[in-house]
2 protein chains.
Amino acid sequence: MNYKGKRWRTIWRNDDPKGSIGVIDQRFLPHEFETLTLRTMEECAEAIRNMTVRGAPLIGATAAYGLCLALRDDPGDASLASAYRRLHETRPTAINLKWALDQIATAVKQLPAAKRLEAAYARAAELCDEDVAVCEAIGRHGLKIFREVLAKKPSGSKLNVLTHCNAGWLACVDWGTALAPIFMAHDAGLPVHVWVDETRPRNQGASLTAWELNQHGVPHTVVVDNAGGHLMQHGLVDLVIVGTDRTTARGDVCNKIGTYLKALAAHDNGVPFYVALPSSTIDWAVQDGLKEIPIEERSAAEVTHLRGKTASGELAEIQVTPDGTPACNYGFDVTPARLVTALITEKGVCAASGEGLRELFGK
Amino acid sequence: MNYKGKRWRTIWRNDDPKGSIGVIDQRFLPHEFETLTLRTMEECAEAIRNMTVRGAPLIGATAAYGLCLALRDDPGDASLASAYRRLHETRPTAINLKWALDQIATAVKQLPAAKRLEAAYARAAELCDEDVAVCEAIGRHGLKIFREVLAKKPSGSKLNVLTHCNAGWLACVDWGTALAPIFMAHDAGLPVHVWVDETRPRNQGASLTAWELNQHGVPHTVVVDNAGGHLMQHGLVDLVIVGTDRTTARGDVCNKIGTYLKALAAHDNGVPFYVALPSSTIDWAVQDGLKEIPIEERSAAEVTHLRGKTASGELAEIQVTPDGTPACNYGFDVTPARLVTALITEKGVCAASGEGLRELFGK
């Protein structure tokens, strides 16, 4: 996407002999736009762990390049296996991480050591290009739905879309999943307005989604995560669209904590609830998302402390709770398939059910 | 309640010839415990408006004393009417405000001007004492429910209670509504643990409820507002209890924004959802809470900016959204009666329905 007149992706290979990787450092957005060079597998792992990069597809791309950097240092089987393990353990919930690691491992496993590095970089670059194409396809399928929903409203109405967390281009390589149809709708002249859940504790909505929409000129309003139910009760939301970190074979959706609450409110108010996803987030081995998906627990400090910009323009961290107050921080929740109106994938749209998914993907 | 060994109420009449009012300034908690002297009706109105004091019962008590201060300056009918209007317009949602103003107005209306001031102060003091007694009664009725819920769990289990916002003693004159049974359960030796919703945008959970529980020694954990659904899905919540700013004659409950989302999650997971309220929050003139209760919209700055304590111990404000990002800020939402397990009042417990309320209150 465009930032200050330049076309950006969230991740790229630098043109240096060491094959280092460049990423946008998302920890400083929306206040500062900074990039970071990842020079080793360990730096890639740390960038995933500390959320320099985040979003299921981008985590996958970063892990893929992390394997490349490990193979650069040592192309042997033991190095491959150990780097795979290290990268895999950085975040437990998003399934793209494993998927992307498997893609690289499969591409190099049968090759002699001397040919592995080149093949790994080639496959990682392909994965990134594929992710862009996949998100673009998701955008096109989503746009069709947006048009249908808008067509049912009185002429001249706005299309009010609510989204949670950030499933935009910053979560992917480009375009985004849930935000792709929003960008396309805006570009196509649809009068789209986005309610942006701030998405505590890390505020990816207030910081990243708002920043993306701002850059792209899409009308939007940030609300606290508590507000969505009220908006839906009062007819102010026409559809909800979110991303997912893992989708089960029966259509349960594991996404940022709080997604389930919005799905309940959508269901209670007859508002359609869509989930946009590349098929790489489908975990065909898992049925019951609630019982089977490990939910990451992150640091309590993400709840008790917040970072932002002071009046003088500096970044500062503040504590909101009393000294020593215990907090806990589950990163994701699971929205049962029964609450999901449809899944929007690169292959098209299907019901959030085993049958819907199997039919769409020919399984 | 106790703070540093001294017994406090949230509001009191100072022992000075001007009859000024003292309150705990809740804008600086949990980081600083400060009190503020309110010397005029206008200062009382401003304290309500800027949330120096908040919580439906305490808003009522502050408004009552505000009328006293107006009558001190001018005991005439015009002064009374104008102060009533000014205080009434400070916050639109909580019905206790109007109720408390009516109590004072009724007490003085038939009196000659010379006798009004004394009668007003006397009635305001009575209202405060009554509020304490009412909250204590709510606590006793709630404690009975807590015992019943705990009795159904395996011996040795904790009783996990989730609450939203602050319906503790800081929201009232003493004890609190939703927190009263929690304090009593803890004092009675029940193994109660409280999940505290941080309650964005103003974080009354993270700042005030956590502070109260901390002071009283009640085990608790702060979570983001997004987390409650996940906790309930995993059996980590035995009951939800919240306060209310206005309860309709058919049992709809208007409370802090986000309450409705927790009620949906409780309903979806078979977790009982209780609302604790003094009968002064019942608006017998309103049936449909969604259609009839005005919902306060507050400043967008409460969403985009947060206040807390820096590492060096100073209070600071930070901005979390990009510069110029629009935000909106509805203060309350309405939980339909169908999602409420029961109402806990000073008169006892009843179904959240017209019939339940009429029977309990003999209407």
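Heavy atoms only: backbone and side chains are in, while hydrogens, waters and symmetry mates are out. Order of the sequence lines fixes the chain letters, A, B, ..., with proteins taken first and strands second; residue numbering starts at 1 for each chain. If you're wondering where the values come from, they're calculated on a predicted model, not measured in any experiment.
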How long is the straight-line distance from [atom2] of [Y] back to [atom1] of [X], given to the nearest 0.5 Å?
{"X": "A:Asn214", "Y": "B:Thr321", "atom1": "CG", "atom2": "OG1", "answer": "9.5 Å"}
{"X": "B:Leu306", "Y": "A:Asn203", "atom1": "CG", "atom2": "CG", "answer": "7.5 Å"}
{"X": "B:Asp323", "Y": "A:Lys309", "atom1": "CG", "atom2": "NZ", "answer": "3.0 Å"}
{"X": "B:Thr310", "Y": "A:His305", "atom1": "OG1", "atom2": "NE2", "answer": "9.5 Å"}
{"X": "A:Asp333", "Y": "B:Leu231", "atom1": "CG", "atom2": "CG", "answer": "10.0 Å"}
{"X": "A:Asp225", "Y": "B:Ile257", "atom1": "CG", "atom2": "CD1", "answer": "11.0 Å"}

Requested in this report: Any pair with a residue in residues 310-332 of chain A that passes ring pair (Phe, Tyr, Trp, His ring centres under 6.0 Å), sequence neighbours left out, goes on the list, sorted by first then second residue, please.
Outcome: A:Tyr330-B:His230
**Report entry** Enclosure of B:His193 NE2 (heavy-atom neighbours >12, cutoff 6.0 Å)
**Finding:** yes
Report task. Give a yes or no on whether A:His31 atom NE2 has more than 12 heavy-atom contacts from other residues, nucleotides or ligands under 6.0 Å away. Result -> yes
Query raised in the report: How far apart are the C-alpha atoms of B:Ile318 and A:Glu317, what are their side-chain angles, what is the distance that settles it, and do they pass the side-chain contact (heavy atoms from CB on, under 4.5 Å) test?
Result: CA-CA 8 Å; B:Ile318 57 166; A:Glu317 192 174 77; over 6 Å; no
Report task. Determine, stepwise, if the pair B:Ser207 / A:Val320 fulfils side-chain contact (heavy atoms from CB on, under 4.5 Å). Result -> CA-CA 6 Å; B:Ser207 55; A:Val320 290; over 6 Å; no
Requested in this report: Measure A:Leu29 against the heavy atoms of chain B and call it side chain, backbone, both or neither at under 4.5 Å.
Outcome: neither
Query - Exam field: side chain B:Gln233 to backbone A:Leu290, donor-acceptor pair closer than 3.5 Å - result: no
Query raised in the report: For the side chain of B:Asn226 and the backbone of A:Arg200, is there at least one donor-acceptor N/O pair under 3.5 Å apart?
Result: yes
Query raised in the report: How about residues 234-249 of chain B versus chain A: which residues have heavy atoms under 4.5 Å apart?
Result: B:His234, B:Leu236
